[in-house]
Amino acid sequence: MTYKTHLALAYAINIPLIEKFYEAQDFNQNSVILALIITFILSLAPDLDHPKSFLSQIPPFNIISWILSSITNHRGITHRFYFIFIPTFLIWFGLTYLNIKYKIDIKSIDNLTLLAFLAYLSHLLGDCTTKSGIKGLFSPFYNKTVYIVPKFMRYKTGTIVEYFYLLGLIFIIVFEVKDFLLK
Ligand SMILES: [Zn+2]
């Protein structure tokens, strides 16, 4: 899955939640901005294990990528279900620290942490729609390759079939945003 489709999938999942949290006044403006940034970073973070991935080119993520790609294979440890809790915890910790240290008024760190979790999870789900799937997603309990769609719906990354997925996701996002703005 290309980074564009990963982004689209993560935003399609998180945007309705961001809107819901905002409407319920759980989120203030700072929270919304952070939610959009967190969704961007965490939906691409698993591929920091590959030096040529989109996020791996951007400082300071290039340093993290350099370390990760030298100790693990692509679709290795960062593509394990249990690993999600590490970046999720880092986000929670970072936001809590920002709130206390700099008194940036970030409302609802718990919900932001949930969105971080979902963005990372969406990446793994996205990879499970490709032909190669994720081998060992549920390692150490289940070491076989995991797919989440039937064989005929799987595709090779960057091929025309993936663009159909991307187009569908863009449509969903447009409707999600339109509904919110017209309320
Ligand atoms: Zn990946």
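Counting convention: from 1, in listed order, for ligands and their atoms alike. Please read these numbers as outputs of a predicted model, since none were measured by experiment.
Enclosure of atom NZ in K107 by more than 12 non-hydrogen atoms of other residues, nucleotides or ligands within 6.0 angstrom is indicated.
For D47, the N, O or S atom with the smallest separation from the Zn ion (ligand 1) is OD1. Nearest N/O/S atom of D127 with respect to the Zn ion (ligand 1) is recorded as OD2.
Looking at I38 and I91, their side chains come closer than 4.5 Å, going by heavy atoms from C-beta outward.
Taking backbone and side chain together, H79 holds an N, O or S atom under 2.8 Å from the Zn ion (ligand 1). The Zn ion (ligand 1) has no N, O or S atom of H74 closer than 2.8 Å.
The CG atom of D49 sits 10.0 Å away from the CD1 atom of I77 when rounded to the nearest 0.5 Å.
Aromatic ring centres of Y155 and Y165 lie closer together than 6.0 Å.
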